[in-house]
Amino acid sequence: MSRAPQVSTLPQSAALRSFAAQWHARDVDALQPVREEAMQRFLKLGLPTMRDETWRYTDLRSLAARSFVDAPRSIRDSTPPDAALALLGNSERAATLHMVNGHPTLPVAGEAIDGVEIRPLREVARLDPGALLRFLQPLSDADQQRWGLLNTALFVDGLYLKITGRLAAPLVILHVASGDGADNIAYPRVIIEAAPGSSATIIEHHVAHGEHTPLVDSHTQLALRQGAQLEHYRVYATGASATHVDSLTIHQDRDSRCKQFTIVLGGGLVRTALEAHLDQPGASLDSNSLLVGHAERHVDCVNIVTHGAAETRSNQTARAIAGDSSRVIINSKVIVNAGAVHAHSQQSCRGLLLSPTAEIDTRPQLEIHADEVKCAHGATTGRLDPDMLFYMLSRGLDRETAQSLLVYAFLADVLTGMSVVPARAAIENALIAQLPDSQTLRKFR
Amino acid sequence: MLKITDLRARVAGRDILKGVNLEVNAGEVHAIMGPNGSGKSTLAQVLAGREDYEITGGSVTFEGRDLLALRAEERARAGLFLGFQYPVEIPGVNNVYLLKAALNAKRKAAGESEVDAYEFLALIKQKMKFMHMSESFLTRGVNEGFSGGEKKRNEVLQMLVLEPKLAILDETDSGLDIDALKVVSNGVNSLRDPQRAVVLVTHYQRLLDYIEPDRVHVLSGGRILKSGDKSLAKELERRGYDWVAGAEVA
Amino acid sequence: MSSKSEEVVALLSQKYRHGFVTDIESDSLPPGLDEGVVTAISRKKNEPPFLLDWRLKAFRHWQTMREPTWAHVHYKPIDYQDISYYSAPRAPANAPKSLDEVDPKLLATYAKLGIPLHERARLAGVAVDAVFDSVSVATTFKEKLGKAGVIFCSFSDAVRDHPALIERYLGSVVPPGDNYFAALNSAVFSDGSFVYVPPGVRCPMELSTYFRINAAKTGQFERTLIIAAEGATVSYLEGCTAPMRDENQLHAAVVELVALDDARIKYSTVQNWYPGDENGLGGIYNFVTKRGECRGRNSKISWTQVETGSAITWKYPSCVLRGENSIGEFYSVAVANNYQQADTGTKMIHIGRNTKSTIVSKGISAGHAENTYRGLVKILPSAAGARNFTQCDSLLMGPLCAAHTFPYMEVKNPTATVEHEASTSKIGEDQLFYCLQRGISAEDAVNMIVSGFCKVVFKELPMEFAVEAQNLLSVSLEGAVG
């Protein structure tokens with residue numbers, strides 16, 4: 001039996017009514033109280049609108065009129081997903097976990113991997129709900145968490161990864177989104193816990209399969225325990241019709257180090273939220289975003305880093321390119337809580353506009369409540385530097401080559417930080433394909 | 001080789017060049033001297049094809065071709081090289097890649113095949129040694145994090161690799177210590193050849209102790225006020241630029 | 001640092017110097033707001049019908065609006081029915097014809113404020129249109145300005161003498177329905193200043209208005225309109241102070257600037273309204289709409305502000321850069337101490353080709369204060385070649401204050417260049433120590449460092465006010481380091 005959440009007013013839009021219907025239809029599990037709270041809050045807040053601060057530039061009104069139903073739990077045919085990037089090259093030791101619309105296809109292909117415990121969330125919820133509840137709470141009403149609430153209420157399954165050792169090879173989670181033609185929605189959920197002293201590289205790769213792509217409301221949580229090191233990638237390579245709302249939450253304990261890459265190469269409307277909490281002294285985060293606006297794509301990237309303890313460090317680098325009629329939004333915020341002395345933060349947001357019908361909106365924000373801090377940000381939006389261009393022309397390079405070279409150089413800050421060489425190569429390839437003069441660019445890679 | 005006739009140019013609404021006349025023949029080295037703001041750098045940039053400068057009159061021919069009708073990259077491929085006063089930093093674009101692309105662009109324009117990667121590396125290493133440059137140069141971005149002196153050496157290195165017919169060096173001596181000045185001068189002198197010409201744009205006479213010019217011109221107020229042989233530079237050093245500017249008034 | 005902390009506490013507890021009340025009978029309307037009050041204000045001022053209609057329209061629109069909540073400030077709800085919307089010093093039978101006829105108590109008030117209104121004013125070369133509460137009581141240097149063809153008068157006089165200019169330009173930059181407080185102002189504004197500089201005229205002196213809120217529970221709703229015609233140049237300074245009162249007072253002014261072809265307007269503000277006491281009691285709510293429009297080619301509007309007062313400051317002096325090659329500038333120093341809250345910044349809207357804007361903001365927070373920079377740079381598709389440069393720096397003094405930087409950059413033209421840089425840090429310990437080691441007192445050292453931090457803004461102020469601004473800053477922050 002499931003109960004409807006007690007909300008004072010009936011959901012206004014078709015979408016909200018359909019979410020409520022999904023709530024009614026689901027099986028009750030041990031997570032029920034938290035899920036119910038999440039559902040109530042979501043219904044009360046409703047779909048985000050452009051009046052919500054972090055949704056200022058993204059209009060979701062077109063979703064309101066749609067009635068969503070669960071996406072299928074598996075794919076009928078077995079052809080490989082479209083556009084999946086070869087992020088691991090031919091490395092034999094690397095492993096790939098598959099998720100279809102949020103449902104893991106276990107057991108993992110190949111052998112169990114040393115140093116990592118992999119369990120489906122449904123199983124964890126049944127056997128050890130207490131362990132899972134620690135990750136689901138506390139719930140937040142912050143508007144960048146809105147879809148995370150819905151995911152918490154409605155995810156059916158997902159992945160729990162506990163890194164216990166030092167993983168030599170990267171691990172890929174391939175998220176396949178595939179619809180059956182109805183207004184599908186999927187709620188992929190991934191929880192990754194890096195035990196003290198462990199280290200790993202994990203790549204979440206979002207791709208679409210087949211003709212229809214569901215609305216994806218994905219949510220990933222990273223918890224880095226003392227001294228853990230994690231390199232995490234989110235790579236979006238879905239098709240032009242896909243709408244994807246992804247939220248990533250990171251909590252970092254003492255002396256942990258997280259290197260995060262958010263790479264948007266696909267999708268029609270992609271919203272990526274990152275909320276990082278540097279909860280204990282010595283925690284350090286490098287967040288890198290590479291956002292490519294191509295065709296009609298709309299990319300809305302929100303990165304919020306909270307320094308909650310002394311001696312924490314964060315570095316945010318965002319590079320946006322907008323061509324054609326695309327629009328790219330970079331929201332990058334640093335919050336330093338009272339008492340988080342000697343916090344050190346650096347933000348660099350740069351945008352490159354390649355077309356008169358494209359737009360880039362940038363908001364590098366600082367919210368500082370402690371005095372012993374060093375926080376700085378720089379942001380630029382514009383075209384290619386004319387001095388650089390002239391220098392290259394005066395050396396005889398043709399204009400196309402010079403321009404392409406500069407575009408590529410613009411992205412180098414993010415690309416060079418990637419330590420997974422095949423992933424970097426595959427990402428570069430996919431990225432270049434969406435830039436003007438891709439033929440020229442390929443030559444100097 | 002280069003013939004400038006009554007060249008006039010303006011920048012941001014201000015007339016900078018007000019009728020420059022100059023003829024440079026193959027095999028010659030010319031020095032253009034002048035006080036700050038006289039239009040020296042503007043002349044260099046205009047010859048290289050900078051678009052923000054508006055040509056308001058006059059003509060320039062380079063080996064009989066109308067130079068002003070060519071775009072910056074076409075001028076470079078035709079054999080004109082500008083050594084920048086302030087070379088721009090281009091992080092993310094490798095020095096070697098830029099040089100190789102430049103050399104290949106020139107070869108392609110001349111109907112030659114692309115340079116072999118191995119040969120190219122050998123060539124560039126040899127030139128680097130000649131210019132006393134460290135190996136780390138090979139892996140760095142264009143002028144990225146270079147000191148003023150390193151940037152100027154890099155300009156000369158590029159010139160040596162590209163072997164232009166006409167090199168215009170804009171204040172290539174500024175910001176160099178005496179050792180670096182010698183290295184840079186050696187580089188320029190090594191390129192002297194009956195088929196080539198060099199135009200040195202400089203504020204000080206010092207450079208001319210190392211690279212002996214055939215002709216010296218004084219540019220002031222957007223015009224060449226005086227021309228002579230190398231002794232003119234010495235006299236300028238002694239009497240100052242006021243001497244020339246005063247001479248015009250008189 | 002503990003002895004220094006005590007020193008800080010002592011210095012920060014310095015009392016507001018401009019807190020005294022002038023006892024003058026006021027001709028005030030009772031608190032409350034409805035169409036009758038709006039009509040009464042208009043009647044009291046003998047306004048032409050178009051203006052009454054304009055006010056009523058604004059009032060009706062205001063009634064449909066909701067008070068905004070997006071700013072990073074917190075305050076108790078304002079009861080708009082508990083405010084008196086009109087307060088004028090009771091007019092003697094005949095209005096004063098010269099300063100000698102002005103109520104001596106008023107003049108004494110100005111003297112305490114240090115306004116150069118009397119002979120000193122002439123020596124300082126400053127014309128003062130002093131607004132006492134809501135009505136202009138004295139205007140000097142009319143003659144000299146008149147000769148140049150410059151109109152500088154109270155808003156009421158302008159309505160009477162130049163109704164065509166008012167009808168043409170009023171609300172043309174800040175429309176009556178622009179925002180909640182602008183709509184309120186449009187309905188009930190009482191007086192203010194008007195400046196018109198005719199084509200080709202360079203205004204022969206700095207123009208200055210000193211605003212003062214006096215009567216208790218009186219909202220101050222001035223309206224300022226400055227028009228610089230083709231090729232005209234004008235520099236205007238506004239200084240503000242208010243007496244000490246326990247309750248909070250609302251100040252919702254509107255300033256509109258219009259620059260036609262090749263015109264230049266420089267608008268400088270030194271704002272020192274009562275900030276409330278050290279416990280956050282009382283103080284002015286300063287919710288002001290200031291906007292300039294570079295309507296003509298090659299025009300330029302430059303805002304400079306030094307904001308040290310008010311319990312809550314909420315203002316964004318902005319530029320609409322419509323004319324080709326027009327230039328907008330914003331230079332700001334905002335100081336917040338004790339429980340002050342400041343949410344200030346600018347908007348630069350680039351519409352015309354090759355428009356340029358520069359933003360320099362220096363925020364200083366001390367005590368429990370919250371200081372927020374909020375700025376929008378918007379490049380529309382038509383603004384080819386537009387450029388913006390923004391620099392926002394925040395200085396923190398003490399562990400309990402906060403500094404926020406919220407820039408918005410919206411770029412819709414690929415030939416534009418927008419650059420933003422910001423930093424937030426504590427006052428440099430090493431700089432401080434260096435000064436102390438050289439025998440300079442902590443207080444002087446902080447003053448030196450802070451003025452260094454603000455220098456780039458102060459140098460934009462007209463000379464005679466730069467010194468005043470610097471003094472004000474020292475008073476607001478003496479020893480504020482912990």
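In what follows, chains carry the letters A, B, and so on, assigned in the order in which the sequence lines appear, proteins first and then strands, with residues in each chain numbered from 1.
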[X] versus chain C, heavy atoms under 4.5 Å apart: side chain, backbone, both or neither?
{"X": "A:R51", "result": "side chain"}
{"X": "A:E53", "result": "side chain"}
{"X": "A:T362", "result": "both"}

Just give me the residue among C:S425, C:S423, C:A422 that pairs up with chain A most often, heavy atom to heavy atom, under 4.5 Å.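 The candidate making the most pairs under 4.5 Å is C:A422.
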query = If you take all heavy atoms of A:P364 and C:P407, which pair is closest and at what distance?
reply =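 In terms of heavy atoms, the two residues are closest at O-CD, 2.9 Å.
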- Message: Counting only non-hydrogen atoms closer than 4.5 Å, does C:A416 touch chain A with its backbone (N, CA, C, O), its side chain (CB onward), both, or neither?
- Response: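 Just its backbone gets close to chain A.
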In terms of heavy-atom pairs under 4.5 Å with chain C, the winner among A:V334, A:L384, A:I360 is A:I360
Among A:A376, A:A379, A:G378, which has the most heavy-atom pairs under 4.5 Å with chain C?
->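 Among the listed options, the one with the most contacts to chain C is A:A379.
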Give, for atom [atom1] of [X] and atom [atom2] of [Y], the distance between the pair rounded to the nearest 0.5 Å.
{"X": "C:N371", "Y": "A:I368", "atom1": "CG", "atom2": "CD1", "result": "12.5 Å"}
{"X": "C:T417", "Y": "A:D385", "atom1": "OG1", "atom2": "CG", "result": "8.5 Å"}
{"X": "C:K426", "Y": "A:H342", "atom1": "NZ", "atom2": "NE2", "result": "7.5 Å"}
{"X": "A:T357", "Y": "C:N413", "atom1": "OG1", "atom2": "CG", "result": "11.0 Å"}
{"X": "A:N331", "Y": "C:Y408", "atom1": "CG", "atom2": "OH", "result": "9.0 Å"}
{"X": "A:E367", "Y": "C:T372", "atom1": "CD", "atom2": "OG1", "result": "8.0 Å"}

- Item | CA sep, side-chain torsions, deciding dist, call: A:H377, C:H420, side chain to side chain contact (heavy atoms under 4.5 Å, CB included) | CA-CA 8 Å; A:H377 64 224; C:H420 172 101; 2.7 Å; yes
Any chance [atom1] of [X] has more than 12 other-residue heavy atoms, nucleotides or ligands included, within less than 6.0 Å?
{"X": "C:R353", "atom1": "CZ", "answer": "no"}
{"X": "A:R327", "atom1": "CZ", "answer": "yes"}
{"X": "C:K412", "atom1": "NZ", "answer": "yes"}

Q: Run the numbers on C:L396 and A:V373 for side chain to side chain contact (heavy atoms under 4.5 Å, CB included), then give the verdict.
A: CA-CA 9 Å; C:L396 295 149; A:V373 300; 4.0 Å; yes
Report yes if some heavy atom in the side chain of A:R56 is under 4.5 Å from a heavy atom in the side chain of C:E410; otherwise report no.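 Yes, side chains in contact.
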**Asked** Does any N or O in the side chain of A:H369 come within less than 3.5 Å of the main-chain N or O of C:C401, such that one atom is a donor and the other an acceptor?
**Response**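 Pair absent, no side-chain N/O of A:H369 close to backbone of C:C401.
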Residues A:D361, C:V411; criterion side chain to side chain contact (heavy atoms under 4.5 Å, CB included); working and verdict
CA-CA 6 Å; A:D361 304 305; C:V411 184; over 6 Å; no
Which of C:E421, C:E419, C:M409 passes side chain to side chain contact (heavy atoms under 4.5 Å, CB included) with A:T380? Answer is C:E419
